[in-house]
Protein chains: 2
Amino acid sequence: MVYNRVETLDRTFAALADPTRRGLLARLADGPGTVSHLAAPLPISLVAVGKHLTVLERAGLVDRTRTGRTVVCTLHAQGLADAAGWLASYQRFWDDRIDSLHRYLIREHP
Amino acid sequence: MVYNRVETLDRTFAALADPTRRGLLARLADGPGTVSHLAAPLPISLVAVGKHLTVLERAGLVDRTRTGRTVVCTLHAQGLADAAGWLASYQRFWDDRIDSLHRYLIREHP
DNA sequence: TCGATTGTAAACCATATGGTTTAGTGTTGT
DNA sequence: ACAACACTAAACCATATGGTTTACAATCGA
């Protein structure tokens, strides 16, 4: 595992520890959205949502692309895959029915 | 999923966000250990390790059982399984890559 | 052009986190 | 009995986090 990956895992798990951010990811799983659109249903300010999106971006979980004056956010699953890959190394502790090929792919091609 | 699980997910992901705690889990994957034993190779105080273990216990990731004056810690994978379960709902966002890699391996290395 | 819209930056606040040192509570071995 | 051991609790400190309000920059539409 590349050393830099450790810091990324830190950021990824820390990003996932907040329910607002997990909610944003769940929303983005249905498709891209602008910052305003993502913030609209939430009970916090637009500024706070912007900060959450910055955290998610630094964790490698979302991409932000500015087009004009709006910023469209999309799910960037690499961070999620990294976190899942780390957890997969512990899968034997709770799941006997493991797909060995899947584990092999995670391990050999992270 | 039970509603209360959300707070547990918060604690679980937050616990996993610290490299010292991930190291403790990796160590515990090889078998149980006392607090002193777990702390010995680490460059921080025993007190700090004890706090980390409290965090891991509250996150449902380790069990602590006192026997005499020593406390033996064991991996409790339910929290890890919960986190992996949450991530699994996003697996379709990166599984395509795994599938194509699988097809590549089958095609190039039959 | 100019006001409205979209988003970020800055400053601020309360609380949480990760570490320390020092005390304290049991437990063990001699 | 009692000193050493294993761990936890308490107090403390520096920094991080999640939220606010206000200010700012950039873009769009009329």
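These numbers come from the heavy atoms of this one structure, side chains and all, not from hydrogens, waters or symmetry mates. By convention in this document, chain letters (A, B, ...) are assigned in the order of the sequence lines, proteins followed by strands, and residues within each chain are numbered from 1.
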By side chain to side chain donor-acceptor pair (under 3.5 Å) - contacts of A:Ser45 (at least two apart): none

Under 4.0 angstrom between B:Ser45 side-chain N/O and C:dT20 OP1 or OP2: yes

For atom CG of B:Asp10 and atom C1' of C:dT15, their distance in whole Å: 16 Å

Between CZ on residue B:Arg58 and OG1 on residue B:Thr12, distance to nearest 0.5 Å: 11.0 Å

Rounded distance (Å) that lies between atom P of D:dA3 and atom CZ of B:Arg69: 15 Å

Spacing between A:Arg66 atom CZ and C:dT8 atom P, to the nearest angstrom: 6 Å

B:Thr34 side, atom OG1; B:Arg69 side, atom CZ - distance, nearest 0.5 Å: 11.5 Å

Touch class at under 4.0 angstrom, heavy-atom based, for A:Thr54 against every strand present: nothing

Rounded distance in Å - CZ (B:Arg21) to C1' (C:dT17): 8 Å

Sugar-phosphate only, base, or nothing, as touched by B:Val55 at under 4.0 Å among non-hydrogen atoms: nothing

Along DNA chain D (nearest heavy atom to each residue), the more 5'-positioned of A:Thr67 and A:Asp18: A:Asp18

B:His52 NE2 to C:dT20 P, straight-line distance once rounded to whole Å: 9 Å

Nucleotide nearest A:Val47 when distance is taken to its side chain, options D:dT22, D:dA10, C:dT6: D:dT22

Approximate separation, where rounding is to 0.5 Å, of A:Ile44 CD1 and A:His52 NE2: 4.0 Å

Value in whole Å for how far the P atom of D:dT17 lies from NZ of A:Lys51: 11 Å

Proximity to the side chain of A:Val71 - top-ranked nucleotide from D:dT20, C:dT8, C:dT20: C:dT8

Separation of C:dG24 P from B:Leu46 CG (nearest whole Å): 18 Å

Gap between atoms NE2 and C1', on B:His37 and D:dC5 respectively (whole Å): 16 Å

Nearest-0.5 Å distance that lies between atom CG in B:Asp10 and atom CZ in A:Arg21: 9.5 Å

